[in-house]
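Heads up, the thing below is written out as structure tokens.
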Amino acid sequence: MTRIIVSFGLVFFLARSVLADGGTIRFQGDAGSFHVTVFTLPPILTAGAVDLTVLLQDRSRLNPLLDASVTFDLTAEPGATRQRAAWLPPACAMNPPASLTGIPATLNHGENRLLYGAYVQIPHSGSWNLKIDIRRDAEHESIVTLLPVNPPAPRLLAYWRLFILPPLFIVGFVLNRSARTRRGRSTEDG
Amino acid sequence: MEDPANAVISSWAMPIGPVLAIVFLLIVYLRGWIGLQFRVPLRFPLWRLLAFAGGLGAIFLAIASPLDAFGGLLLQVHMIQHLLLMMVAPPLILAGAPYLPLLSGLPRRFTREVIGPFLIWTPLKRIGHFLLNPIVSWIAFTSSNVLWHLPFFYELALGSPAWHQFEHFCFLFTGILFWWHLIQPWPSRPLWPRWAMIPYLILADLQNTGLAAFLTFCDRVLYPTYQFAPRLWNSNPLDDQVIAGTIMWVPGSIVFLVPAAIIALQFLSPRLRAQTSATIGSPRTAVNPDFGLAPLLRRLGLAPRPGNQPLDLFRVPVLGGVLRSNPFRRGMQVVMLMLAIAILLDGFLGPQLSPMNLAGVLPWTHWRGLTVVALLFAGNLFCMICPFTLVRDFGRRWLPANWTWPAFLRNKWMAAALVGLYLWAYEAFSLWNSPWLTAWIILLYFLSAFLVDGFFRGASFCKYVCPIGQFHFVQSLISPLEVKVRTPDACRTCRTYDCIRGKPEQRGCELKLFQPKKKGNMDCTFCMDCVHACPHDNVGLIAVLPGKQLWNGEQRSSIGFFKNRFDLAVLVLVLVFGALANAAGMIAPVTAVFDRAQLYFGLDRPVVVALFLVAVVLVLPGLAVWTGGFASRRLGKLTAATKSLVSDFTMTLAPLGFAMWLAHLVFHLFTASHTPIPVLQRIAVDLHLALLGKPNWAIASWAFPQLLDFEILFLDLGLMLSLYAGWKVAERYNNSGKRCLLTFAPWALICVLFFVAAIWIIFQPMDMRGTMM
């Protein structure tokens, strides 16, 4: 039976936003026999590439469940505030972004193999509804949580670590030359 | 159902940057350690290598193992991670006495020129002395430990990957400072007497115990993250905190107190003290070359090369033999020829949708991408296995092959024009999107090679005509391998000159590169004819400093001085700015300009593309380099002609051009990596062979989120090498510091402007060529 129960979470559980290991817990609570925790990375969401992960546990003993099927649906909240489109790294090209519905979350997605996860390209800033569909055996549950997505960071800022290399090289080169000059002078003096 | 325990223990990550750094350090240490085995073996016994490797292993365990994956969910796991970084990795690394192995493991020139000046630079020495004062080290270690465990800072690190990495760096760095005085890695000298290490350790333990006791006995959860983190297997956050405190307390204290106890025992037992001081080898045994592991290393072929000779790939067992063997080269040429024939057939007969056709996939995506990767890591390998070589040989057999190449064409003008023609045709007729045209181009290429070398002597096609070869020649100036003589002395006594003249059973270099005077890879096809012709076995495939030939002002065999080769400079300019133009042709703003120009001015696309290329590849770069040459001459007060300066300095732009080609072509290689698979499936279906199944056009690729990072990194490296090469050329013209800077400044500006343009291009939305997307 494909009964879709959309649990907003506010009835059965308290959705909290706390920080996890480099990510943020966007949602935590129970749905049916599941206990669900949703993480996002980066901790402060910006339009563009986002890592979505879900920890699925059985509600009674909190054992991780690794045999479920999990999918993500992302829909923009209508009438949201001023939106700014994400800039996409070249790997995503000129072509329209991949569909934001029915994104399969896989267990071998990231470092933590207890988490179901997927990379998602959020096309613009604003509020987004994240719907998580969980199927396990005959049970089918859905959860919806709101993701506040900030405007994308300036491109140069996003890659500052790489852009700083040439200036660092130049500084290192100047220091090296200065050190060599002093060494040369001290050798001559000596 | 997958077992959660298995999932936990398989939760490993591979953080690219740190893992590369660890591997690099290990290789450098190992290289240095092997060398030291033959000089001071007693100083560096095997356990030092194992200790250093163990220290790096501890770091790897901390940042890549499940400890990292679960550190955000369980405080106890996070505590083990921190202990590894503070108390396990630093002492092990220092026990490896890494100073000398790391320095001697790096290339000698790099150590002497780059690191050497810093090692004796007074400000840096002062900073080192300050940090390695035992009081400063102790305070740094303990305050780092306390500060990062304060809830505010701990939460900060948990909430941000960048802060988390910085926290780990602090633990490791202050750990090295702290353990330095206890391990006292050779050749450092102790600043305090040995007994002072007892209170040093005990005081550190007191601080650690205080912090651990607070964590253990606190009746509330200190870090909100763990309060709200999902509770795996019904774990309790307060219990988790107690266990974390206990881990910090017990193993932590052991790490401090055991060494304190050993030192105390040493002082109480004179015999033990004598044994400790005897572990440092005496100089007499240290110079014995057959001591320790040296004989074993020699037997394994790991002995340092005599006279610190660079790596010669031909002398590497197995690989060297394969690379220099003619059957291997011929075999690879045959394979490439078969592939070219397959591409021709599919291009003419197959579907004319580029991603579905071998001619739309292999030449434009895979061959070009793999070529630049080979040039980056090795050298001109694709000329070595060029399929056109076989066709040339047929031409020589069936046609006269005795005409002399016209004198007015013995330069790079025609090659530069052909490269320009290729760039224009590629964009004007969307060659990448037309299997039929691609097939025709390959066919014409075969015909040209057949006719040119069928009628003319030598390798005229490779040297003066082939635009692909010219691309490889120029880019391989930045490659790390070069076909060159092993020992110049052997050539001085040689009177046969077989490397260039050849002998009855083996031809010499057809490109007229006389080995003793050959410098760099320009015009070298890696054909290995000189290798086989040399009667003294004195030609190798030798590691060189990438890009060194760009600033080398010496005369080169068959090429002369770069400063006199304006034609070569123009070829380099076309290839460098052609890289920019070729990548620009696939980004939205430029294609929009093409479309608008066609619409408003009623011009055909080939005309629009031609105007664009003339502007971007010829006029603007020409003006830029001529202005650069003129400005260098005036600012540096040089007597050299502007044309010579332009010719010399333009060569230094080659790394930037190569970086742009690399960024562009590697992008295509990764985003369309798997595309030949469905094409082969389609061909099998067309041939009614049900071997490979139905074509899966939605096949995955090797595209990964950090692809752009690598593209920027390539451009960074290209910019740095171009700037360095430009500086070295300026130094050659003007040795005085200020004048040298003024000579160099215009070229630095050109490099920076090129870099900015390249970054702008790779940040634009790009056309996914060669894929079904």
Side-chain angles (χ1 to χ4, degrees), chain A residues 16 18-25 28 35-37 39 41-44 49 51 55 57 60-67 87-95 107-108 110-115 119 155-156 159 161-163 165-166 169-170 172-173 175-183 186, chain B residues 1-4 7-8 10-13 66 68-73 113-114 117-118 120-122 124 155 158-161 164 224-225 227-234 588 667 670-671 703-705 707-709 711-713 716 719-720 723-724 727 737 755 762-768 773:
Chain A
R16 287 167 294 217
V18 293
L19 298 170
D21 188 15
T24 303
I25 295 180
Q28 192 173 41
H35 181 73
V36 184
T37 311
F39 302 88
L41 196 74
I44 298 168
D51 188 22
L55 177 67
Q57 294 168 283
S60 53
R61 299 168 62 189
L62 295 182
N63 285 348
L65 300 174
L66 305 178
D67 57 350
W87 58 272
L88 305 173
C92 304
M94 271 185 201
N95 313 289
L107 269 177
N108 53 5
E111 185 182 12
N112 190 328
R113 298 296 164 96
L114 293 183
L115 305 181
Y119 275 113
R155 297 172 201 200
L156 293 181
Y159 291 93
R161 283 186 226 199
L162 290 161
F163 288 126
L165 288 178
F169 166 78
I170 292 167
F173 182 76
L175 290 176
N176 177 282
R177 292 281 146 165
S178 156
R180 286 167 79 160
T181 312
R182 276 161 209 247
R183 183 176 61 171
S186 61
Chain B
M1 177 182 172
E2 194 180 345
D3 181 11
V8 170
S10 63
S11 292
W12 287 76
D68 191 58
F70 291 91
L73 302 178
E113 303 280 325
V114 180
F118 289 121
I120 55 164
W121 192 36
T122 315
L124 215 58
E155 287 294 312
L158 285 168
S160 150
H164 202 184
T225 294
Q227 174 81 54
F228 299 115
R231 292 165 193 182
L232 292 169
W233 292 284
N234 250 335
F667 160 73
F670 276 75
T671 50
F704 56 101
L707 196 52
L708 183 58
D709 298 48
E711 289 183 68
I712 299 172
L713 189 65
D716 279 348
L719 174 66
M720 291 190 273
L723 288 175
Y724 184 72
W727 175 267
F755 177 77
I762 64 167
F763 270 127
Q764 301 305 313
M766 289 186 182
D767 195 358
M768 297 282 275
M773 288 176 71

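So you know, we letter chains A, B, ... as the sequences are listed, proteins then strands, and number each from 1. Treat the numbers as computed from the prediction; the structure is a model and nothing was measured.
- Using a 4.5 Å cut-off between heavy atoms, B:I712 contacts chain A through its side chain alone, with no backbone atom that close.
- Using a 4.5 Å cut-off between heavy atoms, A:L55 contacts chain B through its side chain alone, with no backbone atom that close.
- Closest non-hydrogen pair, B:F118 versus A:G172, comes out as CZ-O, 3.4 Å.
- Between A:Y159 and B:F763, the ring-plane angle classifies as tilted under the 30° and 60° cut-offs.
- Using a 4.5 Å cut-off on side-chain heavy atoms (C-beta onward), A:N112 and B:V8 make no contact.
- Between B:P161 and A:P43, the closest side-chain pair of non-hydrogen atoms falls below 4.5 Å.
- With A:E111 contributing its side chain and B:P66 its backbone, the two residues share no donor-acceptor pair below 3.5 Å.
- With a 4.5 Å cut-off on side-chain heavy atoms, B:L723 and A:F173 do not count as touching.
- The shortest non-hydrogen separation linking A:R180 to B:P117 is CG-CG, 3.2 Å.
- With sequence neighbours excluded, the residues satisfying salt bridge (charged side-chain N to carboxylate O under 4.0 Å, His left out) with A:R177 are B:E731.
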Does A:L62 form a side-chain contact (heavy atoms from CB on, under 4.5 Å) with B:L232? I'd like the steps, not just the answer. CA-CA 6 Å; A:L62 295 182; B:L232 292 169; over 6 Å; no

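- We find the CG-CG distance between B:L73 and A:L114 to be 8.0 Å, quoted to the nearest 0.5 Å.
- Contact of B:L124 with chain A is not made at all, since no heavy-atom distance falls under 4.5 Å.
- For chain A, the option among B:S10, B:S11, B:A13 with the highest count of heavy-atom pairs below 4.5 Å is B:S11.
- For A:L175, the parts sitting under 4.5 Å from any heavy atom of chain B are the backbone and the side chain alike.
- Contacts of B:E113 with chain A are made by both backbone and side-chain atoms, with heavy-atom separations under 4.5 Å.
- Atom CD1 of A:I44 is separated from atom OG of B:S160 by 8.5 Å, given to the nearest 0.5 angstrom.
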Go through it in stages, so that I can follow the logic: the residues are A:F169 and B:D716, the test is side-chain contact (heavy atoms from CB on, under 4.5 Å), and I'd like the CA-CA distance, side-chain angles, deciding distance and then a yes or no. CA-CA 10 Å; A:F169 166 78; B:D716 279 348; over 6 Å; no

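- The contact between A:I170 and chain B is made entirely by side chain atoms (from C-beta outward), counting heavy-atom distances below 4.5 Å.
- In this structure, A:T37 contributes its side chain and B:P230 its backbone to no donor-acceptor pair below 3.5 Å.
- Proximity of a side-chain donor or acceptor of A:N176 to a complementary backbone N or O of B:V114 within less than 3.5 Å is detected.
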